[in-house]
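Let me begin by presenting the structure, written as structure tokens, before commenting on it.
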2 protein chains.
Amino acid sequence: MQPLTGFRDFYPEDYAIRHHVFSTWRVVAARYGFVEYDGPPLEPLELYTKKSGDEIVGQLYNFIDKGERAVTLRAEMTPTFARMVAVRHREFRKPMKWFSIPQVFRYERPQKGRLREHFQFNADIVGESGTGADAEIIALLIDVLRALGLTAQDVVIRLSDRQFWIDFLKANDVPEARWYEVFQAIDKAEREPREKTAEKLGSLAEKVFQILDHGSTNERLDTIKADLTARGLGDFVKIDLSIVRGLAYYTGVVFEAFDRSGQFRAIAGGGRYDDLIQKVSATKFDDAGKPLDGIELASIGFGLGDVVLGEMLKAKQLLPAKYTASDVFIVVADEGFRKQALALLQDLRTAGLRVDLSLAPAKMGKQFELAEERGATKAVVVDGKIASGVVAVKNLATREQSDEMIGDLIAKLK
Amino acid sequence: MQPLTGFRDFYPEDYAIRHHVFSTWRVVAARYGFVEYDGPPLEPLELYTKKSGDEIVGQLYNFIDKGERAVTLRAEMTPTFARMVAVRHREFRKPMKWFSIPQVFRYERPQKGRLREHFQFNADIVGESGTGADAEIIALLIDVLRALGLTAQDVVIRLSDRQFWIDFLKANDVPEARWYEVFQAIDKAEREPREKTAEKLGSLAEKVFQILDHGSTNERLDTIKADLTARGLGDFVKIDLSIVRGLAYYTGVVFEAFDRSGQFRAIAGGGRYDDLIQKVSATKFDDAGKPLDGIELASIGFGLGDVVLGEMLKAKQLLPAKYTASDVFIVVADEGFRKQALALLQDLRTAGLRVDLSLAPAKMGKQFELAEERGATKAVVVDGKIASGVVAVKNLATREQSDEMIGDLIAKLK
């Protein structure tokens with residue numbers, strides 16, 4: 001009688017919140033000229049291992065299906081997106097600005113704020129390598145959060161550049177095979193004792209800590225920040241080189257959104273992944289795993305989940321009040337006129353109003369109770385007067401009541 | 001590089017159609033006072049076997065997960081709905097009017113119009129056993145189809161009553177264990193040679209054919225038809241006792257929506273399932289499998305899939321024209337004023353317009369090309385004049401151009 005562990009039921013009051021959040025995402029994305037797409041919730045496992053190696057499999061909700069295929073419930077949207085873009089990119093003028101709101105799945109031990117499924121707003125720009133695209137995608141993230149009521153006092157986008165760290169690693173002769181390990185150490189530095197991070201970083205530790213503690217100049221990040229400032233969004237952004245992001249595929253600018261209070265986990269994260277579409281579309285690789293063919297398309301995107309965001313909106317009392325199911329309730333005061341009430345019901349609904357009535361004969365008091373439970377603000381009382389085209393309209397808040405001609409009713413109720 | 005067999009990618013042009021259909025479903029359901037809910041796409045296998053027996057497993061996309069649980073991708077919404085209602089029904093005033101738009105999954109051999117996934121509009125009324133609820137749910141189905149542009153010339157709702165057949169079987173002393181077999185035979189009668197159906201029906205054949213050929217009086221169906229006629233929807237409905245529906249759990253009124261031309265499969269179907277919530281919530285059963293406890297709640301609902309409906313809307317040219325991504329495009333004619341262009345971009349988006357611009361410097365011609373590709377109807381040209389608060393606005397259809405003050409721009413563009 002319960003859903004599976006880590007999965008949510010959305011009862012109407014939960015769904016109303018989800019709808020509010022998703023609608024906001026959609027409205028803001030549309031203002032930014034992003035168009036929506038979707039892909040299958042089930043994908044070949046290979047799509048993930050090709051991108052992230054076999055280590056990823058431990059976290060996936062993967063299985064062997066009845067046709068003996070190795071498949072997985074999608075864990076993120078980027079592999080599906082990269083696949084779809086690789087197949088048909090020639091048909092779309094660049095830059096492509098696409099978004100999606102997939103439900104994604106991980107096989108993890110469920111804990112607070114970490115379920116086995118969540119919804120994620122994914123937005124990506126493909127085919128534009130300049131900082132203009134970086135600023136545009138970050139502006140979208142900020143405006144989505146703003147539209148939900150969050151301010152620069154509530155959230156901060158920490159902006160960094162993995163290319164800066166790649167240059168640093170090259171300058172220090174660190175072999176490429178070790179890069180990911182260093183990124184992981186920097187990524188965790190904030191949450192671990194310094195000694196532990198120092199141990200992981202070895203001889204690089206001192207130089208890395210110097211940068212983490214005192215920053216470094218970075219023209220690319222300054223340009224992005226200036227672009228966002230020109231849009232009036234500069235207050236939301238802080239350049240912070242300690243952000244590198246855990247995922248292996250980022251190649252340049254990376255960013256994460258946090259609440260300033262530090263009460264919640266990161267609420268969103270993203271970055272540039274200029275090599276990924278090539279990697280997913282390549283058919284030949286060299287000995288080091290570098291693709292020798294495939295489609296080169298510069299890309300940047302982010303993912304914003306619904307769980308941590310929802311907790312934050314709730315804590316800040318930014319969620320909508322209880323939903324209502326109806327605007328108008330038709331009270332059938334005389335069952336002899338139910339047919340006329342049904343005709344009126346149809347007319348009001350066709351006019352776009354949310355209208356309900358008791359589906360079975362019921363006492364007047366019961367009908368008014370149901371009207372209030374449905375959230376209706378007006379009741380239309382149908383009795384014998386409807387034969388001469390008249391009904392009583394009652395304001396359920398003020399209890400005022402007046403007779404109205406049916407012909408005027410739609411205008412009066414709207 | 002392809003999705004799994006039987007699964008769909010929704011590229012933006014496909015998604016725009018899906019969005020049009022789903023939005024229509026949501027808008028009409030809201031007018032009827034239905035509220036939206038959702039449940040997990042993955043459920044315990046037992047939820048299905050409890051309801052439909054072990055035979056159902058052959059059609060499911062089920063598997064053993066990493067935690068050794070027998071689970072299945074949901075194949076329909078009714079089991080999840082029945083579970084959710086059984087758990088919390090006391091909190092909701094009856095009748096409950098709920099809808100959902102789940103993606104559902106079957107492990108079937110894919111063929112035209114039959115994928116391994118599809119989306120389904122599900123609407124149900126719980127806690128009202130009278131014909132008023134039957135008429136209300138059928139009216140919703142009709143109005144959803146009407147809102148998509150289909151008329152009574154395009155579609156017909158064939159209305160029947162499994163209770164009529166149950167009474168018939170009782171009157172003819174057919175043991176309950178044989179009922180489902182008879183329902184299946186009647187369900188297939190239309191598509192099979194009469195001899196084959198006669199063979200299945202045995203001694204009942206003559207009486208059944210008499211009813212199929214000449215109908216029978218049925219007060220319940222007449223009442224529902226009269227209700228729908230009062231709403232102005234009578235033309236969409238035909239009483240037709242040959243409809244019984246394949247699913248085991250229907251107990252009363254059943255109905256299916258068809259295109260009148262017979263070109264497509266059934267596009268929707270539903271009926272009363274007054275015992276199902278009890279069956280799902282029961283903990284004790286007698287030797288014949290009848291629940292001895294559990295929650296008794298009269299229910300009726302339907303499912304309307306997106307695939308056959310989509311084919312019909314396409315054939316009848318009722319799908320929307322190509323989507324556009326933007327209303328307004330900002331052309332940066334002088335890169336020295338990009339910052340001002342970005343500030344304007346932000347203001348126009350905040351005002352609710354869908355606005356785009358070239359994220360990197362580009363020749364004017366290229367920018368206008370991009371504007372047209374995005375579907376923008378107006379271009380705002382930014383050059384040095386913006387320093388004195390002036391921009392040029394160009395109508396991309398008529399090619400007319402005029403200078404406007406920035407302060408008036410939002411009103412002019414809206």
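Bear in mind that the values here come from a model prediction, so they are computed numbers and not experimental data. Sequence lines set the chain letters: A, B, ... in the order given, protein chains first and strands last, and positions in each chain run from 1.
Chain A forms more heavy-atom pairs under 4.5 Å with one residue of B:Tyr11, B:Tyr37, B:Phe63 than with any other, namely B:Tyr11. Contacts with chain B were tallied for A:Ala230, A:Pro40, A:Pro12; A:Pro12 has the most, counting heavy-atom pairs under 4.5 Å. Of the listed residues (A:Lys97, A:Arg146, A:Glu91), the greatest number of heavy-atom pairs within a distance under 4.5 Å of chain B belongs to A:Lys97. In terms of non-hydrogen atom pairs under 4.5 Å with chain A, the most contact-rich of B:Leu342, B:Asp38, B:Asp356 is B:Asp38. Ranked by heavy-atom pairs shorter than 4.5 Å toward chain A, the options B:Gln340, B:Glu369, B:His19 are led by B:Glu369. For the set B:Ala351, B:Ala29, B:Ala360, B:Pro95, the entry with the most heavy-atom pairs within less than 4.5 Å of chain A is B:Pro95. Most heavy-atom pairs under 4.5 Å with chain A, from the set B:Leu359, B:Asp327, B:Ile125, B:Asp347: that is B:Leu359. In terms of heavy-atom pairs under 4.5 Å with chain B, the best-connected choice from A:Gly39, A:Pro44, A:Ala86, A:Ala16 is A:Pro44. Comparing B:Gln2, B:Glu36, B:Arg354 by how many heavy-atom pairs each has under 4.5 Å with chain A, the most go to B:Glu36. Considering only heavy-atom pairs separated by less than 4.5 Å from chain B, the leading option among A:Glu43, A:Lys66, A:Lys339, A:Arg338 is A:Lys66. Interface check for chain B: of the options A:Glu13, A:Glu136, A:Arg18, the most heavy-atom pairs under 4.5 Å are formed by A:Glu136. Between chain B and the residues A:Asp227, A:Ile64, A:Val71, A:Asp14, the largest count of heavy-atom pairs under 4.5 Å involves A:Asp227.
With a 4.5 angstrom heavy-atom cutoff, B:Val28 does not touch chain A via any of its atoms. Proximity to chain A is absent for every atom of B:Leu348, based on heavy atoms less than 4.5 angstrom apart. In this structure, chain A has no heavy atom under 4.5 Å from any part of B:Leu228. Neither the backbone nor the side chain of A:Leu344 comes within less than 4.5 Å of any heavy atom of chain B. At a 4.5 Å heavy-atom cutoff, the contact between B:Phe92 and chain A is made by side-chain atoms alone. When heavy atoms are compared at a cutoff of 4.5 Å, B:Asp143 approaches chain A solely by way of its side chain, counted from C-beta outward. Within the 4.5 angstrom heavy-atom criterion, only side-chain atoms of B:Arg26, from C-beta onward, approach chain A. Interface residue A:Gln103: only side-chain heavy atoms are found under 4.5 Å from chain B. Both the backbone and the side chain of A:Ala226 come within contact range of chain B, with heavy atoms under 4.5 Å apart. Only the side chain of B:Glu128 comes within contact range of chain A, with at least one heavy atom under 4.5 Å from a heavy atom of that chain. Heavy-atom distances place the side chain of A:Tyr107, and not its backbone, under 4.5 Å from chain B. When heavy atoms are compared at a cutoff of 4.5 Å, A:Arg69 approaches chain B solely by way of its side chain, counted from C-beta outward. With a threshold of 4.5 angstrom between heavy atoms, A:Phe329 does not approach chain B through any atom at all. Heavy-atom distances place both the backbone and the side chain of B:Ser281 under 4.5 Å from chain A. Interface residue B:Thr350: backbone and side-chain heavy atoms are both found under 4.5 Å from chain A. For B:Leu42, the parts sitting under 4.5 Å from any heavy atom of chain A are the backbone and the side chain alike.
A salt bridge does not link B:Asp9 to A:Arg88: none of the charged side-chain nitrogens sits closer than 4.0 Å to a carboxylate oxygen. A salt bridge is defined here as a Lys NZ or Arg NE, NH1 or NH2 lying under 4.0 Å from an Asp or Glu carboxylate O, and B:Asp306 with B:Arg8 meets this definition. Of the charged side-chain nitrogens involved, none lies within less than 4.0 Å of a carboxylate oxygen, so that A:Arg83 and A:Glu46 do not count as a salt-bridged pair. A salt bridge is defined here as a Lys NZ or Arg NE, NH1 or NH2 lying under 4.0 Å from an Asp or Glu carboxylate O, and B:Lys94 with A:Glu373 fails to meet this definition.
If you look at B:Tyr61 and B:Phe105, their ring centroids are not closer than 6.0 Å.
Contact check for B:Asn62 versus B:Val57: side-chain heavy atoms found under the 4.5 Å cut-off.
B:Gln367 and B:Ser358 make their closest contact through CG-CB, 4.1 Å (heavy atoms, listed as atom of the first residue, atom of the second, distance).
Taking CG from B:Leu345 and CG from B:Leu357, the interatomic distance works out to 5.5 Å, rounded to the nearest 0.5 Å. For the atom pair A:Arg74 CZ and A:Glu117 CD, the distance stands at 11.5 Å (nearest 0.5 Å). B:Phe81 contributes atom CZ, which lies 6.5 Å from atom CH2 of B:Trp98 (distance to the nearest 0.5 angstrom). Here the CZ-CD distance, from A:Arg231 to B:Gln346, works out to 7.0 Å after rounding to the nearest 0.5 Å. Annotation: the span from A:Asp124 atom CG to A:Ile137 atom CD1 amounts to 6.0 Å, rounded to 0.5 Å.
Within the 3.5 Å criterion, the main-chain N or O of A:Ala376 finds no donor-acceptor partner in the side chain of A:Ser326. Between the B:Arg116 side chain and the B:Glu108 main chain, a donor and an acceptor come within less than 3.5 Å of each other.
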Criterion side chain to side chain contact (heavy atoms under 4.5 Å, CB included) on B:Thr80 and B:Met84, from CA distance to verdict: CA-CA 6 Å; B:Thr80 299; B:Met84 288 174 65; 4.0 Å; yes
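Between B:Phe34 and B:Tyr32, the angle of the ring planes lies from 30° to 60°, which puts this pair in the tilted group.
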